[in-house]
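Step one of this worksheet: look at the structure below.
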Amino acid sequence: MKRFKLTKDQIQKGGLSVIGFIVLIYVYFSFFLGPLNSSRSSMRTTIEDIQSKLANSKNEMIKATNLEKQASNATTRFAALKALSQEGAPIAWFPPRTKAFFANQAIDKTTTRLEGSVPFKEPDLSSWMRYNWLIDLPQADFSALGTAVAALENAEPLLSIGKITIRALPDDPQFQQVSLSASTAILKR
Amino acid sequence: MALHLNLLHEEILEQRQRQRDPLKIGIMVLCFVGVLMVLYYMWNGYQALGIRSRLNQVQADWSKVEPNVTAAQKRSAELNSIISTTKVLDGMIDDRFFWGPFLEKLSRCVALNAQITSVDGTVLENNRVSVAIEGLAAGREPRAAAEELRQLLLEQLGQSYSDVKVEFKVLEDLDTIVKIGGGNMAMARFGLGVTFNPGAAKPTPPPAHTKISRP
């Protein structure tokens, strides 16, 4: 068998070739194929994201349409409740409204004072405020008062009377002095 | 055996060495591998171009749909908020205590020989209602007149409310005499404490039938 013997020069050239091959592999994977593959995978991810969004969008649209049908009663009711809160500061419009209401019920001399306002604890009512009022009716007939209170509770669904005080007037037993502590939910404007 | 003389020995050796040159072989291998790599790169690049065109198409589709979807999502959130707010407000409206019917019942209970001088009603934290009633009763037996009012109040309120309690806080005779229907009547001052739950009284369940076993 013939011995295959490399000269020093051949070993050097072979080593150089191996180094060149390694450099070629490194450059190819680091600067060409690597960025191309990463760009391909990122594009694929983006496509999948968008496709899932597109698929969800159809469901979202159907859901919104169904919700619109289901919520028709709620929207009408909400609009009606919202309409009870007038524009402007409540202190400007609520006392005159109460005075006019009791005047229509044959009870004159109504005084309404604001005792304070607090935000609601419920997160759903973040755009609403609770206003506490003290309504004084210094001269009211009991039967007229009963009718007026019942009418007020029906006309103002967001008003709740927490305390009622009725005192007979010593000088005029036909009439009573009445004080109502009421709270209302009013939309923040 | 014929003698064979190789006079070109050095030239042939040189030629063989040139053919076996590792650098030349290495360059050839590198060129071959390089060509393969370029081909593979081009194939990948072609695929990347296909993916890019698909991405552009999908993005174009999404850009057409996106405004509608965003609007639908916004509207859904708005509707959900409206529904939940209305639900909470309706709960508050339904949980209110209505004083009108209570005052009507109170007025029905007061007879001609009784007079209510003050009423203090409060809706407590636990939604229970507490009312303090003060008044005067007149009659041959003024205490009995006051008791009659208490009984009537208990009966009337029991029809609409549950867990009704009507108790005397004060009941005392007064020295004052009043004239009612031409006769002189004694007077008594009373104070009533009324508490109840606004919820309607539950009907009492019918008695359970027991099965009698035959001997």
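Note that this is a predicted model, so its numbers are computed, not measured. Protein chains get the first letters and strands the later ones, always in sequence-line order, with residue 1 at the start of each.
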Just wondering, do A:Asn37 and A:Ser41 contact through their side chains at under 4.5 Å, heavy atoms?
no
Is it true that, when you exclude A:Lys109 itself, more than 12 heavy atoms of the residues, nucleotides or ligands shown sit nearer than 6.0 Å to its NZ?
no
Whether over 12 other heavy atoms sit under 6.0 Å from B:Asp175 CG:
no
Between B:Ser76, B:Gly135, B:Ser130, which residue shows the highest count of heavy-atom pairs closer than 4.5 Å to chain A?
B:Ser76
Do the side chain of A:Asp136 and the main chain of A:Pro138 share a donor and acceptor less than 3.5 angstrom apart?
no
Between B:Asn113 (side chain) and B:Ala138 (backbone), is there a donor-acceptor pair under 3.5 Å?
yes
Heaviest contributor of heavy-atom pairs below 4.5 Å to chain B, chosen from A:Leu169, A:Asn56, A:Thr147, A:Leu159, is A:Leu159
A:Leu16 portion near chain B, given a 4.5 angstrom heavy-atom threshold
side chain
Would you find a donor on one side and an acceptor on the other, under 3.5 Å apart, between the side chain of B:Trp99 and the backbone of A:Ile161?
yes
If you tally heavy-atom pairs under 4.5 Å against chain B, which of A:Pro170, A:Ser181, A:Ala150, A:Ala74 wins?
A:Ala74
Proximal component of B:Ile116, with respect to chain A [non-hydrogen, under 4.5 Å]:
backbone
Residue pair B:Val88 / A:Trp128, side-chain heavy-atom distance below 4.5 Å:
no
Name the region of B:Asn68, side chain, backbone, both or neither, that has any atom closer than 4.5 Å to a heavy atom of chain A.
both
Flag the pair B:Arg108 and B:Glu104 as a salt bridge only when some basic side-chain nitrogen lies within less than 4.0 angstrom of an acidic carboxylate oxygen.
yes
Any side-chain donor-acceptor pair under 3.5 Å between B:Lys105 and B:Ser160?
yes
Pairwise distance CD1(A:Ile164) to OG(A:Ser179) - rounded to 0.5 angstrom:
9.0 Å
Heavy-atom closest pair, residues A:Gln176 and A:Gln174:
NE2-O, 3.8 Å
Applying a strict 4.5 Å limit to non-hydrogen atoms, the region of B:Phe97 in contact with chain A is backbone
Tell me, out of B:Thr86, B:Leu79, B:Leu30, B:Val119, who's got the most heavy-atom pairs with chain A below 4.5 Å.
B:Val119
Heavy-atom count check: over 12 atoms from other residues, nucleotides or ligands less than 6.0 Å from B:Gln156 CD?
yes
Hydrogens and angles aside, do B:Gln151 and B:Glu155 bring a side-chain donor and acceptor to less than 3.5 Å of each other?
no
At a 4.5 Å cut-off on heavy atoms, which part of A:Glu122 comes close to chain B: side chain, backbone, both, or neither?
side chain
Portion of B:Val58 that has a non-hydrogen atom of chain A nearer than 4.5 angstrom
both
Enter the distance from B:Ile93:CD1 to A:Leu81:CG here, rounded to the nearest 0.5 Å.
5.0 Å
Cut-off 4.5 Å, heavy atoms of chain A, and the answer for B:Met37 is both
Part of B:Tyr40 within contact of chain A (heavy atom distance under 4.5 Å)
both
salt_bridge(A:Asp124, B:Lys87) N-O dist < 4.0 Å:
no
For residues B:Arg150 and B:Glu147, determine if any side-chain heavy atom of one lies less than 4.5 Å from a side-chain heavy atom of the other.
yes
Any idea which of B:Ile27, B:Val38, B:Val29, B:Asn80 has the most non-hydrogen atom pairs under 4.5 angstrom with chain A?
B:Asn80
Which bit of A:Glu68 is near chain B, if near means a heavy-atom gap under 4.5 Å: side chain, backbone, both or neither?
both
May I ask you to name which of A:Ala168, A:Ala64, A:Pro157 has the most heavy-atom pairs under 4.5 Å with chain B?
A:Pro157
Most contacts with chain A, counted as non-hydrogen pairs under 4.5 angstrom, among B:Met92, B:Gln115, B:Gln57, B:Glu66:
B:Met92
What part of A:Glu48 gets within 4.5 angstrom of chain B, counting heavy atoms only: side chain, backbone, both, or neither?
neither
For the interface with chain A, which of B:Ile133, B:Asn44, B:Val33 has the highest count of heavy-atom pairs at distances below 4.5 Å?
B:Asn44
Identify which of B:Val65, B:Ile83, B:Leu106, B:Leu89 forms the greatest number of heavy-atom pairs closer than 4.5 Å to chain A.
B:Leu89
Relative to chain B, which segment of A:Leu33 carries a heavy atom at a distance below 4.5 Å: side chain, backbone, both, or neither?
both
Within residues 91-100 of chain A, the residues sitting under 4.5 Å from chain B by heavy atom, in sequence order, are none
Is there any residue in residues 20-32 of chain A with a non-hydrogen atom under 4.5 Å from a non-hydrogen atom of chain B, and which ones are they?
A:Gly20, A:Phe21, A:Leu24, A:Ile25, A:Tyr28, A:Phe32
Look up atom NZ in B:Lys165 and atom CG in B:Leu154, then write down how far apart they are to the nearest 0.5 Å.
11.5 Å
A:Lys163 NZ: over 12 foreign heavy atoms closer than 6.0 Å:
yes
Part of B:Arg75 within contact of chain A (heavy atom distance under 4.5 Å):
side chain
Determine whether more than 12 heavy atoms belonging to other residues, nucleotides or ligands lie under 6.0 Å from atom CG of B:Leu112.
no
Check B:Pro198 against B:Tyr161 and note the closest heavy-atom contact, atom names and distance.
O-CD2, 3.5 Å
Is B:Ser81 in contact with chain A via its backbone, its side chain, both, or neither, using a 4.5 Å heavy-atom distance?
neither
